[in-house]
*Asks:* 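One structure coming up, written as structure tokens, with questions to follow.
A, B, ... follow the sequence lines: proteins, then strands. Residue 1 opens every chain.
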2 protein chains.
Amino acid sequence: MKINEVSKKFNVTSDTLRYWERVGAIPRVSRDQAGYRNYDEEDLNWVSFAICMRDAGVSVEYLIDYISLFKQGKQTVQARKDLLNEQLESVSERLAKMQASYDKLKYKVDHYEHIDKDYQGKMASIN
Amino acid sequence: MKINEVSKKFNVTSDTLRYWERVGAIPRVSRDQAGYRNYDEEDLNWVSFAICMRDAGVSVEYLIDYISLFKQGKQTVQARKDLLNEQLESVSERLAKMQASYDKLKYKVDHYEHIDKDYQGKMASIN
DNA sequence: GCTTGCCTTAAAGTTCACTTCAAGGTTTAT
DNA sequence: ATAAACCTTGAAGTGAACTTTAAGGCAAGC
């Protein structure tokens, strides 16, 4: 699969795919005789994993660390598990914080009607 | 309330508070005779609102737009409601996307055990 | 056979959201 | 009264994650 197809499949730019590979957030993709990237099943899984991690709010740096461990082989499996669990923990926290903020804002919006009856000076309390 | 107290109360740096005010993400805070910022109840509410929005993942630019409408007075109440609803909608989407990614990763981690029995080449599918 | 479109790399540029710096003025404690 | 601990502004700097540019190679259609 060529880079542009992958880009369309996952809705991420080719530039981002090249960037991730360059910095080591995904392993190196092999090239065809023309020097073009040719993504195989495994490469696509890595791309999918990177997107998932990024969407969850995990930094590119953590991806780089993870891939670095992966490249070192089987003996890093436990370290990878630990890293993943650590990340999941912080994703879970961010998620909770975001949910709390969302609920707070949602409440404000749902009670915004009162403001119409109010005057400018009192608006701040509900923003 | 002085800037450092506000900073401690909300766990956000004084620099960030000054930055938000400078770019217009919160309304201007009045100063005392020495030229120091003196946050009143309303200012604190705006700070709290800004933190809530930022935690929910709303950009500083949207805050600026919101404050800009607020400064124009009562006739922008509807526009502000619309803006807030628009933002809540996209926060809700980000939240869902993040939750989905989290679930996907959580599943991987919970089933990671299999990898130990597996060999390096098959590791990618589960990353 | 040549144009249009996709691909390559390395390097420089951009955006966002702060953060730090420089050069001061004020206030508080000793 | 003087040092330490605050505060001010404007401007420059930072870090993360891309994005764009430059200069070119390959490939598919007419």
Side-chain angles (χ1 to χ4, degrees), chain A residues 1-40 43 46-47 49-68 87 90-91 94 97-98 101, chain B residues 1-40 43 46-47 49-68 87 90-91 94 97-98 101:
Chain A
M1 214 172 187
K2 284 208 261 183
I3 198 166
N4 199 33
E5 299 175 274
V6 179
S7 157
K8 274 161 190 157
K9 178 176 167 67
F10 291 109
N11 199 35
V12 60
T13 71
S14 305
D15 297 304
T16 296
L17 291 170
R18 276 187 285 255
Y19 165 71
W20 283 347
E21 185 181 338
R22 181 165 62 75
V23 299
I26 55 170
R28 182 175 164 84
V29 177
S30 61
R31 317 292 151 117
D32 65 14
Q33 64 295 345
Y36 292 7
R37 281 171 186 80
N38 192 2
Y39 292 79
D40 65 16
D43 296 323
W46 282 116
V47 169
F49 177 64
I51 291 169
C52 193
M53 292 285 268
R54 296 290 300 120
D55 281 349
V58 175
S59 73
V60 170
E61 202 184 338
Y62 267 102
L63 282 174
I64 295 170
D65 290 348
Y66 189 86
I67 296 302
S68 162
Q87 280 314 293
S90 88
V91 168
R94 256 196 311 280
K97 197 170 185 178
M98 218 172 141
S101 293
Chain B
M1 215 173 188
K2 283 208 263 184
I3 198 164
N4 198 33
E5 299 176 274
V6 179
S7 157
K8 276 162 188 154
K9 179 176 166 66
F10 291 109
N11 199 35
V12 60
T13 71
S14 306
D15 295 305
T16 297
L17 291 170
R18 276 188 286 257
Y19 165 71
W20 282 348
E21 184 180 339
R22 181 166 61 76
V23 299
I26 56 170
R28 184 177 163 81
V29 176
S30 61
R31 317 293 151 116
D32 65 15
Q33 64 293 345
Y36 291 7
R37 281 170 185 79
N38 191 1
Y39 291 78
D40 66 15
D43 296 322
W46 282 117
V47 169
F49 178 64
I51 291 168
C52 193
M53 292 285 268
R54 296 290 299 120
D55 282 350
V58 176
S59 73
V60 169
E61 202 184 339
Y62 267 102
L63 281 174
I64 295 170
D65 290 349
Y66 189 87
I67 296 302
S68 161
Q87 278 317 290
S90 87
V91 168
R94 254 196 310 280
K97 199 170 184 177
M98 218 171 139
S101 294

*Asks:* Would you compute the distance between atom CE of B/M98 and atom SG of A/C52 and round it to the nearest 0.5 angstrom?
*Replies:*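 Those atoms lie 11.5 Å apart.
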*Asks:* D/dC18 P sits how many Å from A/I51 CD1, rounded?
*Replies:*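 Spelled out: CD1 on A/I51 to P on D/dC18 is 10 Å.
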*Asks:* Which pairs, with at least one residue in residues 49-64 of chain A and sequence neighbours excluded, count as a salt bridge (Lys or Arg N to Asp or Glu O under 4.0 Å)?
*Replies:*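 Sorted result for residues 49-64 of chain A: empty, none.
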*Asks:* B/R94: what forms a salt bridge (Lys or Arg N to Asp or Glu O under 4.0 Å) with it, not counting sequence neighbours?
*Replies:*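 Salt bridge (Lys or Arg N to Asp or Glu O under 4.0 Å) list for B/R94, sorted by chain: empty.
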*Asks:* Search all heavy atoms of B/L17 against all heavy atoms of B/V6 and return the closest pair with its distance.
*Replies:*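 Of all heavy-atom pairs spanning B/L17 and B/V6, the closest is CD1-CG1, 3.7 Å.
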*Asks:* If you walk 5' to 3' along DNA chain C, what is the first nucleotide with an atom under 4.0 Å of a heavy atom in chain B, and what is the last?
*Replies:*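 It runs C/dA17 to C/dT27.
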*Asks:* Please list, by residue number, the residues of residues 16-23 of chain B whose heavy atoms come closer than 4.0 Å to an atom of DNA chain C; answer none if no residue qualifies.
*Replies:*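 Those residues are B/T16, B/Y19, B/W20, B/R22.
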*Asks:* What's A/S59 touching, base or sugar-phosphate or nothing? Going by heavy atoms closer than 4.0 Å.
*Replies:*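 Here A/S59 touches the backbone only, sparing every base.
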*Asks:* Identify, with sequence neighbours excluded, every residue that meets side-chain hydrogen bond (donor to acceptor under 3.5 Å, both in side chains) alongside A/T16.
*Replies:*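 With sequence neighbours excluded, A/T16 shows a side-chain hydrogen bond (donor to acceptor under 3.5 Å, both in side chains) to A/T13, given in chain and number order.
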*Asks:* Identify, between B/R54 and B/K2, the residue whose nearest nucleotide on DNA chain C lies closer to the 5' end.
*Replies:*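 The answer here is B/R54.
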*Asks:* Give the rounded distance in Å between these two atoms: CD of A/E61 and C1' of D/dG15.
*Replies:*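 After rounding, the reported distance stands at 10 Å.
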*Asks:* Residues in salt bridge (Lys or Arg N to Asp or Glu O under 4.0 Å) with A/R22, at least two apart?
*Replies:*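 Once residues adjacent in sequence are excluded, A/R22 has no partner under the salt bridge (Lys or Arg N to Asp or Glu O under 4.0 Å) criterion.
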*Asks:* Show the nearest heavy-atom pair for residues B/V12 and B/I51, with the distance to one decimal.
*Replies:*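 Looking at all heavy atoms of both residues, the shortest contact is CG1-CD1, 4.1 Å.
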*Asks:* Name all residues meeting the side-chain contact (heavy atoms from CB on, under 4.5 Å) criterion together with B/N4; count only those two or more places apart in sequence or in a different chain, and write none if there are none.
*Replies:*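 Listed in chain order: B/S7, B/K8, B/S14.
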*Asks:* What is the distance, rounded to the nearest whole Å, between atom CD of A/E5 and atom P of D/dA27?
*Replies:*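 Value for this atom pair: 15 Å.
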*Asks:* To the nearest 0.5 Å, what is the distance between CD1 (A/I26) and CZ (A/R18)?
*Replies:*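 The CD1 atom of A/I26 sits 11.5 Å away from the CZ atom of A/R18.
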*Asks:* Among residues 28-38 of chain B, which ones have heavy-atom contacts with DNA chain D below 4.0 Å?
*Replies:*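 By residue number: B/R31, B/G35, B/Y36, B/R37.
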*Asks:* Which atom pairs, donor and acceptor, lie under 3.5 Å between side-chain atoms of residues 28-35 of chain B and protein residues at least two apart or in another chain?
*Replies:*
| unit_1 | atom_1 | unit_2 | atom_2 | d |
| --- | --- | --- | --- | --- |
| B/R31 | NE | B/V29 | O | 2.9 |
| B/R31 | NH2 | B/E21 | OE2 | 2.1 |
| B/D32 | OD1 | B/A34 | N | 2.9 |
| B/D32 | OD1 | B/G35 | N | 3.1 |
| B/D32 | OD1 | B/Y36 | N | 2.9 |

*Asks:* Could I get the full list of salt bridge (Lys or Arg N to Asp or Glu O under 4.0 Å) partners for A/D40, not counting sequence neighbours?
*Replies:*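 If we apply the salt bridge (Lys or Arg N to Asp or Glu O under 4.0 Å) test to A/D40, skipping adjacent residues, there are no hits.
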*Asks:* Just call it for B/D15: base, sugar-phosphate, or nothing, with non-hydrogen atoms closer than 4.0 Å on any strand.
*Replies:*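 Since a base atom lies under 4.0 Å of B/D15, the category is base.
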